[in-house]
Amino acid sequence: MTALVDCNSFYASCERVFRPDLKDRPVVVLSNNDGCIVAMSREAKELNLPRGAPLFKVQKLLDQAGAVVFSSNYTLYGDLSRRIMEILESFTPHLEVYSIDEAFLELRGSLEELEDQACTIRDRVFSWVGIPVSVGIGETKTLAKIASHRAKKNAGNICIPTPSQWPDILKETDVKEIWGIGRQYGQKLHSKEIHTAADLILQEDSWVKKNMTLVGLKTLWELRGKPSFTLEETPPPKQGIMSSRSFSFPVTEMEDIMEAGADYASRAAEKLRAQNSACRVIHCSVMTNPFRESDRQYARGMTEQLSFPLSYTPSIVSVVHRQLEKLYRPGFRYKKIAVFLSEIEPAREGQLDLFYKKDSRNDAVMEAVDRINNRYGRHSLHCMPLRPGSRWQMKRERLSPLYTTSWKDLPVVRCGAPLLKQRGPG
DNA sequence: TCTGGGGTCCTAGGACCC
DNA sequence: TCTGGGGTCCTAGGACCC
């Protein structure tokens, strides 16, 4: 059977782990640049804010409700996620880490045994990491997803339907809630009077294939109980690597654009090397803020095909700089630039250019740079002077401490007075 | 004033080959 | 005047996911 373990309101729950005072209070977490709401605790969801609402539009409502607002702290969420996945690994040899807050597990046993395992998973994650999770179990990934949705609404956060319960559950599941069916397909299905999962499984394969492509057909089979999406235990290397950020302020100067370009290109190159890859194509783009309709708008990208694969940061940065020099037009208020690396291949297998003599010392330099930056922080060594507090850098005004990854943010536990007396000073 | 940042897969259609 | 039948590769666009 396939189990989906899904963290409840993951980012909001992470913020609560070291802040027990936030229990029962609405907690929301913002996107980069403190822009939109990307996560809400249960109490915050009850305020009925529109999904993805920009903070400034709902600030008043949040204040009235006494909500606590955080900037995204991906370092914290990533570290807690890693700890959770480590726990889940101990329950099965077959685990797919599907996203930062979800994993599929292959489990075996009778329904009672499965329920036992699900409870142990839930309790262990909560007591060892402090994050509440839901567990849904079904014969396929798609069914496990449906079960986990229902688990979120159960008191115990666990849902393992028996074969006789499934037909009713499918009748109660709107097609739009099915994994793999989004807004477009959802609307299309509704317009054809296909409203629930139970309606969908009665459709002809050929009709579904024609209207929803092969992916839709596999979803249909999964709903009928035939596994069609396999567990991906080792994530395949990325085929494209994107690094892009909005600026906290409108940027007008080329100097700032170049600085951001070097930073984003370095970040992309780091990700590339982390999976032992090199890229053959570099794409770079700039854009103004489309929400400011009074501003003159400008958006353009540029693609360069390289004659040999690259992963060396200084080379990638210089390509990006060359592109940005051509893309930049004075007189615009820029909001965002992006660097995208594609045609990615394993680093050492690439077909070389006849005239390119690879300098193997570059690899050694990058390995050392990556090690140093991993250990001492991202910008310890970088390619171009980065002025601390540059105007364009991301806004994160409500960032919580790095409780688990930074010595200076480590929480301090104070023992009670009686204990100190017993033990003496110090 | 303030509106995120990543990814995947599939298909149709055009250009080209013999 | 009549104008086939097979392929491949690439790209743009559209759907989806977190």
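Nothing here was measured: the structure is a model prediction, and the numbers come from that model. To find a chain, count down the sequence lines: A is the first, B the second, and so on, and within it residues start at 1. All heavy atoms count here, side chains included; hydrogens, waters and symmetry mates do not.
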Legend entry - Electrostatic pair A:Lys226:A:Glu139 at N-O distance under 4.0 angstrom: no
Inset, instruction - May I ask you to say what A:Lys188 touches in the nucleic acid, namely base, sugar-phosphate or nothing, with a heavy-atom cut-off under 4.0 Å? - result: nothing
Inset, instruction - Please list, in 5' to 3' order, the outermost nucleotides of DNA chain B lying under 4.0 Å from any heavy atom of chain A. - result: B:dT1 to B:dT11
Inset, instruction - Give the minimum heavy-atom separation between A:Asn373 and A:His379, together with the two atoms involved. - result: OD1-C, 4.2 Å
Inset, instruction - Please work out if A:Gly240 contacts a base, only the sugar-phosphate, or nothing of the nucleic acid, heavy-atom cut-off 4.0 Å. - result: sugar-phosphate
Inset, instruction - Report which part of the nucleic acid A:Lys210 touches: base, sugar-phosphate, or nothing (heavy-atom distance under 4.0 Å, all strands). - result: nothing
Inset, instruction - Have a look at A:Lys395 and say if it touches a base, only the backbone sugar-phosphate, or nothing, with a 4.0 Å heavy-atom cut-off. - result: nothing
Legend entry - Touch class at under 4.0 angstrom, heavy-atom based, for A:Asp34 against every strand present: nothing
Legend entry - Heavy-atom check, side chain of A:Tyr298 versus side chain of A:Met287, under 4.5 Å: no
Inset, instruction - May I ask you to say what A:Ile100 touches in the nucleic acid, namely base, sugar-phosphate or nothing, with a heavy-atom cut-off under 4.0 Å? - result: nothing
Inset, instruction - For A:Leu214, report the nucleic acid contact type (base, sugar-phosphate, nothing); a contact means any heavy atom under 4.0 Å. - result: sugar-phosphate
Legend entry - Flag side-chain contact, heavy atom, 4.5 Å: A:Ile84 against A:Ile131: yes
